[in-house]
There are 2 protein chains.
Amino acid sequence: MGVLEQPAAPAPAPYLRIAAELRARIASGEIRAGEKVPSVRQIAQEWGIATATAGKVLSVLRAEGLVSAVPGVGTVVGTATGPPPGRPDGAPRTLTRDHIVRTAVALADVHGAAALSMRALAAELGVPPMALYRHVPGKGELVALMADAAFAECGLTGRAPAGWRGRLEAAARHQWALYRRHPWLAGAGLPPAAAGLMEWAMAPALRRGLEPAAVARTAAAVTGYVRGMAVSLADGPDAAALDAAFAFGLARLLDGLAVYVEQHTGGT
Amino acid sequence: MGVLEQPAAPAPAPYLRIAAELRARIASGEIRAGEKVPSVRQIAQEWGIATATAGKVLSVLRAEGLVSAVPGVGTVVGTATGPPPGRPDGAPRTLTRDHIVRTAVALADVHGAAALSMRALAAELGVPPMALYRHVPGKGELVALMADAAFAECGLTGRAPAGWRGRLEAAARHQWALYRRHPWLAGAGLPPAAAGLMEWAMAPALRRGLEPAAVARTAAAVTGYVRGMAVSLADGPDAAALDAAFAFGLARLLDGLAVYVEQHTGGT
DNA sequence: ACCTGAACACCGTTCAAGT
DNA sequence: ACCTGAACACCGTTCAAGT
């Protein structure tokens, strides 16, 4: 039923997915030749994976010749012998909406929402500002496309929990991870892809017989909770403390929902 | 202990408080002579009070000669014989930080956060833009002051619930009401006055023996929940549906917290 | 027809010139 | 000393002028 209910293709392993994301950042010019890619430690922290997995990410990119380890510095884009392959400098790929959106996401990720202007984005892409308007109606629509693209990143790799609670928790944690990765996202409005995620999340509860109105309210409450914690995160304060508060509050919210679901559905 | 624990002065009745707010809007120039003040129905809806109470609000202002009922139109600022008393036109009161902040709040309430610019605010106040900077360091600080002023509006009129759950629910609903009244507020960051509200909210739980770390996480989770629902509200969609979802989610969250508090404190 | 440079109507804020 | 006009470095977007 839900758009995410039956993944069209098997989800890639996390390290491959993250490697693909870094590859996209390099391709979009967000990380340039000679600049450092995130360290193993940074990757592990940013995506919430083990350092061993993070190490595999960099191995993949090194094996491709896209990055190389520079002792005492870190892992940088390109090899000692020249710029990275795949996009010879000065050959500007034809501008597409997708490329614009991905570059905008990268720009906002790195420099913050305030730094995302149509003019700065155009400069990043090496095109005149007005060129963007042939692919995107305006900045508002661009931000909506960015949010949709971010939510469409499939990060639900493991098999989907069958129970309503496991499914809802997985969706909430996925949403949280997206907000951690894209600090501008919580302020961007919920895109259609977010509705898809919630549809996926609520499918077991719906099957269990929870009435549609309660399903809708549950989805709104959980989504709102995650988003509220994310905007608080964007305020600036201690991220670690909020991570703990997020997990705590989510557990309490799910506990409370469990009581309700018990009372309002057939049984186990 | 909390700043709101022992109110310095007895809280005014709701209709007096709302009358004061409308009076401030008129004084600040947000509602000008000849323009309509909110109708009984609008007041009842905006502040979540009965229409009978809303009627008393307008009675107060009418008795003061500040507004008058115009049949077929509504209640408008001023009397049939001239402009409202209290601020003769052309006599600009001396600019103060407080006046700037209150006018900014009124401007953002009516025209939205996007319409709040230093230049527009200065125009509203009838001063050159740079005059604002002698009272406020910059726009960011102004918004922070606005948020603090909004949170400092005391709306917790009834006597404070003694139980942890009633207190927390009252604080959450108060915060929700603030966000309903000031749609820009959820996007403005949590000001010091919000921490005061949470301190007040969590005092009974703390007295009950809930450990400080759990108290902090609970406060962050509830505040985040309310704020997340409020930013979703600001997205634009059906406010009535979100009101219901807010109440639903809050009840579930408090239920889940109840289980936790039961297990982690002494007893009743 | 397609593309885009110049222009318009804004911003927040600096700073030097006014009183 | 206090105040503020002009200016600076931005914005998003319109539109007419270029190819």
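Chain letters run A, B, ... following the sequence lines, proteins first, then strands; residues in each count from 1.
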Does any nucleotide pair with C/dC11 by Watson-Crick or G-U wobble geometry, both distances under 3.5 Å, and what is it? none
Measuring from atom CG of B/L185 to atom CZ of B/R180, what distance do you get when rounded to the nearest 0.5 angstrom? 13.5 Å
Give none if C/dA1 has no partner; otherwise give the nucleotide forming a Watson-Crick or G-U wobble pair with it, both distances under 3.5 Å. D/dT19
Spacing of A/M146 atom CE and A/F151 atom CZ [to the nearest 0.5 Å]: 13.0 Å
Heavy-atom side-chain contact between A/S232 and A/L242 under 4.5 Å: yes
Output for pair (B/R97 CZ, B/L142 CG), nearest 0.5 Å, gives 9.0 Å
Is a side-chain N or O of B/H135 found less than 3.5 angstrom from the main chain of B/L95, in a donor-acceptor match? yes
Which value, in whole Å, describes the distance between the P atoms of nucleotides D/dC8 and C/dG18? 16 Å
Measure the distance from NE2 on A/H135 to C1' on C/dC3 and round it to the nearest whole Å. 11 Å
When you check every protein heavy atom under 4.0 Å of nucleotides 7-13 of chain D, what one-letter string (B, S, -) results, 5' to 3'? B---BBB
Look at the side chain of B/Y225 and the backbone N and O of B/L250, then say whether any donor-acceptor pair between them is shorter than 3.5 Å. yes
